[in-house]
Asks: 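Okay, here's the structure, questions in a sec.
All values below were derived from every heavy atom in this structure, side-chain atoms included, with hydrogens, water molecules and symmetry-related copies excluded. In the text below, chain A, chain B and the rest are named by the order of the sequence lines, each starting its count at 1.
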2 protein chains.
Amino acid sequence: MGRRRPGTPTLEEVAAHARVGRGTVSRVINNATGVKESTRLAVQRAIDELGYVPNLAARSLAGRRADAVALVMTEPDWRQFAEPFFSEIVTSLGDALTDTGMQLLLTLVRSDAERQRFLEYARGGRVDGVLLMSVHAGDPLPDMLAEARLPTVLLGRRSGDEYVSYVDMDNVGGARSAVSHLVQRGRRVIATITGPLDLHAAQCRLRGYEEALALAGMKVERTRVAESDFTAESGRRAMAELLERHPDIDGVLAASDTTAAGALEALRAAGRRVPEDVSVIGFDDFPLARRTEPPLTTVRQPIEEVGQAMIRLLLEEMEEGAVAWRHVILRTELVVREST
Amino acid sequence: MGRRRPGTPTLEEVAAHARVGRGTVSRVINNATGVKESTRLAVQRAIDELGYVPNLAARSLAGRRADAVALVMTEPDWRQFAEPFFSEIVTSLGDALTDTGMQLLLTLVRSDAERQRFLEYARGGRVDGVLLMSVHAGDPLPDMLAEARLPTVLLGRRSGDEYVSYVDMDNVGGARSAVSHLVQRGRRVIATITGPLDLHAAQCRLRGYEEALALAGMKVERTRVAESDFTAESGRRAMAELLERHPDIDGVLAASDTTAAGALEALRAAGRRVPEDVSVIGFDDFPLARRTEPPLTTVRQPIEEVGQAMIRLLLEEMEEGAVAWRHVILRTELVVREST
DNA sequence: CCAAGGATTGGGAGCGCTCCCGATCCGTGG
DNA sequence: CCACGGATCGGGAGCGCTCCCAATCCTTGG
């Protein structure tokens, strides 16, 4: 099938039109140095007159680079996708990429066929690097990319030791300080609603919860742990369940702000007052956390820095050809509001 | 900066390794006809042994096509992004694209700079066509793409006459039949919560509402119309407002299921029973509509067909070089549940 | 056994750009 | 007025692939 576009002028035509050599035009469009100002102007005029647009395929063939990076989402059920977390990350990545002149391409990988297709796309040189979001425990994609020696940076990690570069947050520390805060507030029956436990981040938060309890000399009880999938609905359900098992609960650490919002509803439905009867802490510090009733104490994740760090790692890897893996763990911070 | 990847084998090397000509290898990897089975096998083996992956830049330079289409989102505030509508569309587009072998790339355009960058990317030939979602009234991007003669298909349209191909739903008809249904149910004070009115779809739904009232010989009152931005929160607010102005409301058509869910909450808070006191109708028929209390009567949009239609139009345009604009209006359907 | 004609193959000619080296220009100091 | 060295330029040599035509290989039918 012929999907060709009508004849766009080529660099050579621009050169002829401006009465200069190809090299000069190339220098101008890449705004390289070493072009006399008058020449640059003449070339620029030719470009404008002809409506010239560089052919990116030719450029990347000759220059051996694509000037694009892919952001891959592998979340099979898309739930993450609707989370504000996602859009904030994308925004911050976009910002961090602005002055590199590279395009950010989002790609969805929902099946093996799509994974394969993407791999061919990436190995075929259409992107210079790959960013991966919300990678689940058994996902082979990161390793396949490493195999192909494509610069790759994960957001979060699949497990404790990961042979790929990643940026992660200090989930353990965040959860720990949140629970310690509950202890300081005098809470004694502290439960937690975790995220999906095949996500390493969720496990880390659970570990932080346990560590804080241990630190306070309190016993960890499995029945005080309920799992959610980060949605408000599942948070509500988990909270209801916990209340049933332990009517005397007086503190809860939720997997995310959204989950916490669900938990708040369940508590309200059960006639508990927050924070008088029960203290609730969220995770993420999304805008939502400010608007719940009462506003949520939560663990802030430095999303803006996440984007910057990911891009920085990726650029470094692109620079030197993926000879080492780097890890960045960003510090989290407890933001105290009225729910505790 | 050197973002080059280590030497990948080239087609020529594969040819040498398999002791055949370049053309033959090319035929094999594009599984074209006219290659003897034994030859094909030999080539395939060489490909596997060398771990060959075609260089897509070279392919698209020589073949004058990119084998990729972009899905552009211009929603400035991302609210749409979190809507299930969005992810369903993406899924259906992905499905429709599966057997064409093309990659679907999502791109975000949030500023003029990003619009410009994307335009260069597209005009530079990195994609064969462009799909645009949720285009707002004054957005110049579709025209810029048309100008560049890039095959383009909109989802929805900016106004009644649009010189670009698009796929849209019969929003007028959907709203009309929804309101007629309310009338049939004996409702007499019927209000509507619209979407953002700079979206043509929202205007069409409003028009359908008005038409149905006129058809029933009822008067249209501006005070029975409230605007929302499709979120649950804004739906709740709009409903509260409407109730204040017209305590005797007995029927509501909401802008979307999400908005309707918000409206339901506001009604509950105001002590109204649904459907006994007030009938509520949503729009979209998302999974959500089944799970509200009570389950929503709603206008179903044929999302799966939307994706298929968009891809079909795009392929047609790519085939023949954008010589005509095509419009497809998909029929909507009222799904009656318990909220009316 | 031979020629005709379809099935396979090989490989030249680009696609449009970047790299880079050698050529050309121009201003300066002697 | 001339040699010299840095600032500018021009354009050959690819980058790795597809297209397409001419060359070669097999089958048939006579």
Side-chain angles (χ1 to χ4, degrees), chain A residues 1-43 46-47 50-67 101 120 123-126 128, chain B residues 1-43 46-47 50-67 101 120 123-126 128:
Chain A
M1 43 176 129
R3 358 190 144 120
R4 47 214 53 181
R5 294 207 301 121
T8 320
T10 71
L11 180 146
E12 192 123 20
E13 285 164 19
V14 173
H17 192 269
R19 300 167 180 294
V20 299
R22 272 194 344 276
T24 305
V25 177
S26 176
R27 263 161 242 143
V28 170
I29 61 179
N30 292 295
N31 47 69
T33 56
V35 180
K36 213 194 303 171
E37 189 54 22
S38 58
T39 315
R40 174 184 304 279
L41 255 44
V43 172
I47 288 176
L50 267 44
Y52 169 71
V53 181
N55 177 316
L56 297 181
R59 173 176 289 178
S60 67
L61 178 58
R64 294 137 171 291
R65 68 211 151 72
D67 286 321
E120 256 159 48
R123 300 219 301 154
R126 302 299 283 232
D128 298 317
Chain B
M1 43 175 131
R3 356 189 145 122
R4 47 213 53 180
R5 295 206 300 119
T8 320
T10 70
L11 180 145
E12 191 123 20
E13 286 163 18
V14 173
H17 192 269
R19 302 168 179 293
V20 300
R22 270 193 346 275
T24 305
V25 178
S26 175
R27 262 161 245 143
V28 171
I29 61 179
N30 292 296
N31 48 69
T33 57
V35 180
K36 213 194 306 172
E37 191 53 22
S38 59
T39 315
R40 174 185 303 280
L41 254 43
V43 172
I47 289 177
L50 267 45
Y52 169 71
V53 182
N55 177 316
L56 297 181
R59 172 177 288 177
S60 73
L61 178 57
R64 293 138 171 292
R65 66 210 153 73
D67 285 321
E120 257 159 46
R123 299 220 300 154
R126 303 299 284 234
D128 297 318

Asks: Taking B:Arg22's backbone N and O only, do any of them form a donor-acceptor pair with B:Ser26's side chain (distance below 3.5 Å, no angle check)?
Replies: no
Asks: Distance check needed: D:dG16 C1' versus A:Arg123 CZ, whole Å only.
Replies: 16 Å
Asks: Can you tell me how far apart NE2 (B:His17) and CD1 (B:Ile47) are? Round to the nearest 0.5 Å.
Replies: 11.5 Å
Asks: List the steps, then state whether side chain to side chain contact (heavy atoms under 4.5 Å, CB included) holds for B:Val35 with B:Val43.
Replies: CA-CA 10 Å; B:Val35 180; B:Val43 172; over 6 Å; no
Asks: State the CZ-CG distance between B:Arg126 and A:Asp67, to the nearest 0.5 angstrom.
Replies: 7.5 Å
Asks: With nearest nucleotides of DNA chain C determined for B:Ala62 and B:Gly21 from heavy-atom distances, which residue corresponds to the more 5′ nucleotide?
Replies: B:Gly21
Asks: Using whole Å, report how far CG of B:Leu56 lies from C1' of D:dC17.
Replies: 10 Å
Asks: Tell me, which of residues 24-31 of chain A have any heavy atom that sits under 4.0 Å from an atom in DNA chain C?
Replies: A:Ser26, A:Arg27, A:Asn30
Asks: Looking at side-chain heavy atoms only, is the closest gap between B:Arg59 and B:Leu11 below 4.5 Å?
Replies: no
Asks: Heavy-atom nearest nucleotide on DNA chain D for B:Asn55 versus A:Gly34: which residue maps closer to 5'?
Replies: A:Gly34
Asks: Go through D:dG16, D:dC9, D:dC17 for me and flag the one nearest to the A:Leu61 side chain.
Replies: D:dG16
Asks: Tell me which nucleotide among C:dG11, D:dG16, C:dC17 gets nearest to the side chain of B:Arg22.
Replies: C:dG11
Asks: Can you tell me how far the CZ atom of A:Arg123 sits from the OH atom of B:Tyr52, to the nearest 0.5 Å?
Replies: 11.0 Å
Asks: Rounded to the nearest 0.5 Å, how far apart are CZ of B:Arg40 and CG of B:Asn31?
Replies: 6.5 Å
Asks: Is a donor-acceptor pair below 3.5 Å formed from side chain B:Arg64 to base C:dG16, judging by atom type as modelled?
Replies: no
Asks: Does B:Arg19 make a side-chain donor-acceptor contact with the base of C:dG10, cut-off 3.5 Å?
Replies: no
Asks: Expressed as a whole number of angstroms, how long is the span from A:Leu11:CG to D:dG14:P?
Replies: 19 Å
Asks: Please give, in whole Å, the distance from D:dT8 C1' to A:Leu41 CG?
Replies: 16 Å
Asks: So does A:Arg59 get a side-chain nitrogen or oxygen closer than 4.0 Å to the phosphate oxygens (OP1/OP2) of C:dT18?
Replies: yes
Asks: Taking atom P of D:dA7 as reference, at what distance in whole Å does atom CD of A:Glu37 sit?
Replies: 16 Å
Asks: For nucleotides 22-26 of chain D, list the nitrogen or oxygen atoms of the protein found under 3.5 Å from its nitrogen or oxygen atoms, one pair per line.
Replies:
none

Asks: Is A:Arg27 close to A:Val20 at the side-chain level, that is, under 4.5 Å between some pair of heavy atoms?
Replies: no
Asks: If you round to the nearest 0.5 Å, how far is OG1 of A:Thr8 from CZ of B:Arg64?
Replies: 9.0 Å
